[in-house]
Protein chains: 2
Amino acid sequence: MVRKITLAEIAEEAGVSKQTVSRVINNNPDVAIATRKRVQEIIDRLDYQPNVLARRLSARQTFTIGLISSNLHHIGPRSSFVAIDRDADAAGYRVLPYFLHTDDPVDPESHIRALMAHQPDAIIWEIARTWDEPVRIESPNLLSKIPIITMEYNLLGVPSVLDVGQQESARQIVHHLFDEGYKHVGIIGGPSHWQVAKRRFAGWREALSERGITFDERQIAYGDWSVESGAKGVAQLLDQFQEMDAVFACNDQMALGALSILNERGICIPDEMGVVGYDDMPECAFFWPPLTTVHQPFDTYGSILVHKAIEMIESNVKYGTFEAPEMTVIRPEIVIRRSSRKRL
Amino acid sequence: MVRKITLAEIAEEAGVSKQTVSRVINNNPDVAIATRKRVQEIIDRLDYQPNVLARRLSARQTFTIGLISSNLHHIGPRSSFVAIDRDADAAGYRVLPYFLHTDDPVDPESHIRALMAHQPDAIIWEIARTWDEPVRIESPNLLSKIPIITMEYNLLGVPSVLDVGQQESARQIVHHLFDEGYKHVGIIGGPSHWQVAKRRFAGWREALSERGITFDERQIAYGDWSVESGAKGVAQLLDQFQEMDAVFACNDQMALGALSILNERGICIPDEMGVVGYDDMPECAFFWPPLTTVHQPFDTYGSILVHKAIEMIESNVKYGTFEAPEMTVIRPEIVIRRSSRKRL
DNA sequence: CTGAAAGCGCTTACAG
DNA sequence: CTGAAAGCGCTTACAG
């Protein structure tokens, strides 16, 4: 391996001390203009690039934000991640992502510990998983050192900085179906260990009960968020819940699967069957027919997470202490398209 | 900020030298069993986690692979990235991703230089962009130190390790349309600074010329890969190329946009109009009607890139030199679904 | 405005 | 099997 140029060599070449070179690369104003110019020229000529590892090791801060995130194949984690990465970059931080590649049970402590070894200034926990028993991070070592924040639900004993009204918007979209004149609303739920799946399911149940409808097991199918599972789910519902005239798929992908089966069987949407989804992925407006859904501003979620994390980091650097910022509340709105317009 | 436990403290506590602790955490066999046990117990009790930065700074290797990638909103870069991250993890490497968030012109040298500051063991350049004039990495400093590989096209003067037959499969899918009896095939192309867009376009043109068809500007619309642009593109084609009876959208998203407009206008697919896409994203089989497309094994692309990179890293570590591995050739296959089955 | 010294937390030869 | 010394490439007080 070819050796890389070091700060010491620049200092030597310029006939100054290492600190002076350090000041130049860090834009410290306490350098004479002539000195700065001479050093900078040598840096440029030798194509010198400071070693980030060394810099991070010796400095107080690494300007790094750890992120523990779900699989990027899902629109939510993906869109939030893109926003997190972009906004962190713009603020002078690097994101250190740690992606979970399976849907297996996760052990938050071990993941956070692994990330901690990289000395991030803060950690964002972006996994929407739920556990049968409450899970909290126990090790005080882990909690006290740097800010750790979560997306929504206070699962880990760490502050959640963002409250998304999943249940409320699910409730609203189901009410919308009733308002349109549909009577028998089935649901294709998400995997039950996802917190968001539970919330959306609860919203459906709440709307039913507000309409005085008795809860019925036949109205329920479960998917795994995938298109295939939405297709299977609607087929199962058509079979076991024959009076069904509308279906709430708990994400847009599953709604697409449902649309496909319904179209295939010649069931007319929205006249004979209403279909609604959740997320408002960019494709929704181009489904056949265009899909009514709940719009989630994932981009905003990501931005909020980064900015709260940075806020906490800066407090930590300045005062040696940090506290949870105020929780931001977001209420996703429903977007009505043709798939649910029975009255038209 | 609370202090973190260091190797020195473990050594002190255990009454051994730092090297011995180092040997324990690195699973070096040259440690007496009793010593190892005692040290390990203290490590566990104090919840010690070695500082990755310090380790990387002093060791020869960082076990890090730099990645320069396009926006993850596109299925290709995203799926490949997931595979790269997963396979690198499995092999004991961390991926250091650097995502481009805009579609603006990029300067490869500056991106590679920025990544280099993190001391990766190799770099994967995963941007499919093209430049008007040939772009090569000039700085010998950049090229000689660590392996840098690209996805396909030898854009940068660095080895490309994967050859995907984009043009050939585009050609095949257009021939498939002719075989089904379609006569007038329009195209919705991708942005022209994407290498893959050029290749797919060339495949379309090649098929036309093989069928003895004269090239006609009215048959062409350009999109930007998005669903919206596919919708606009097909509307434009319907307008300017009225005899059109089939359309090749250069990715599935744009094909979805096209399907939407065609359905909207009551044009029957596949009888009156054939539609084909490119990529075979998981949703394709559930479009209305299900979409004929070219299947790209993005997952495999990612795996190949990682494994070639690791191969080169290991050669570099062992022999202090590396060379470009053999290029792997992949020929994506077409997947025929209903959107193009005129003969049915 | 500039520099000599110490230190960040590890690993690498080398010696025994 | 174990350890004293030097070093990775920077930054941080501190002194002048």
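Note that the structure is predicted; figures quoted are calculated from it, not measured. Sequence lines set the chain letters: A, B, ... in the order given, protein chains first and strands last, and positions in each chain run from 1.
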Contact list please: residues 11-18 of chain A against DNA chain C, heavy atoms, distance less than 4.0 Å, in numerical order.
A/Val16, A/Ser17

Distance in angstrom units between [X] [atom1] and [N] [atom2], rounded:
X        : N      : atom1 : atom2 : result
A/Arg55  : C/dG9  : CZ    : P     : 18 Å
B/Leu57  : C/dC8  : CG    : C1'   : 9 Å
B/Asn27  : C/dT11 : CG    : P     : 12 Å
B/Gln119 : D/dG9  : CD    : C1'   : 9 Å
A/Gln61  : C/dC8  : CD    : P     : 18 Å
A/Arg36  : C/dT2  : CZ    : C1'   : 13 Å
B/Asn28  : C/dC10 : CG    : P     : 17 Å
A/Leu7   : D/dG9  : CG    : C1'   : 7 Å

Does a side-chain N-to-carboxylate-O contact under 4.0 Å join A/Glu314 and A/Lys318?
no

Answer yes or no: is there an ion pair linking A/Glu326 with A/Lys308, defined by an N-O contact shorter than 4.0 Å?
no

Using only side-chain N and O atoms of B/Asn26, determine if any of them is under 4.0 Å from OP1 or OP2 of C/dT11.
yes

If you compare every side-chain N and O of B/Tyr48 against the phosphate oxygens of C/dG9 (OP1, OP2), does one of them come in below 4.0 Å?
no

Note, DNA chain D 5' to 3' with Watson-Crick or G-U pairs under 3.5 Å encoded as ( ), [ ], | and . gives |||.||||||||.|||

Counterpart residues, side-chain contact (heavy atoms from CB on, under 4.5 Å), relative to A/Ala324 (two or more places apart):
A/Pro159

Report the residues that fulfil side-chain contact (heavy atoms from CB on, under 4.5 Å) with A/Ser22, sequence neighbours left out, ordered by chain and then residue number.
A/Leu7, A/Asn26

Determine whether the side chains of A/Thr20 and A/Ser17 contain a donor N or O and an acceptor N or O closer than 3.5 Å.
yes

Please tell me which of the listed nucleotides, C/dT2, C/dC10, D/dC10, lies nearest to the side chain of A/Thr6?
D/dC10

Between D/dT11, C/dT11, C/dC1, which nucleotide has the shortest distance from any of its atoms to the side chain of A/Ile25?
D/dT11

Provide a list of protein-nucleic acid N or O atom pairs under 3.5 angstrom, restricted to nucleotides 12-16 of chain D.
none

Going through the distances and angles, do A/Arg45 and A/Glu41 end up as a salt bridge (Lys or Arg N to Asp or Glu O under 4.0 Å)?
CA-CA 6 Å; A/Arg45 177 158 53 80; A/Glu41 267 166 11; over 6 Å; no

Checking all strands, does A/Asp30 fall into the base, sugar-phosphate, or nothing category for heavy-atom contacts under 4.0 angstrom?
base

Using 30° and 60° as the class limits, which term best fits the ring planes of A/Phe63 and A/Tyr93: parallel, tilted or perpendicular?
tilted

Does the side chain of [X] reach to within under 4.5 Å of the side chain of [Y], using non-hydrogen atoms?
X        : Y        : result
A/Ile146 : A/Gln119 : no
B/Ile5   : B/Asp47  : no
A/Glu126 : A/Ser70  : no

With side-chain hydrogen bond (donor to acceptor under 3.5 Å, both in side chains) as the rule and sequence neighbours excluded, what pairs involving residues 74-83 of chain B come up?
none

Within the 6.0 Å centroid threshold, strictly below: B/Phe298 and B/Phe81:
no

On DNA chain D, more 5' by nearest nucleotide between A/Gln49 and B/Thr35 is B/Thr35

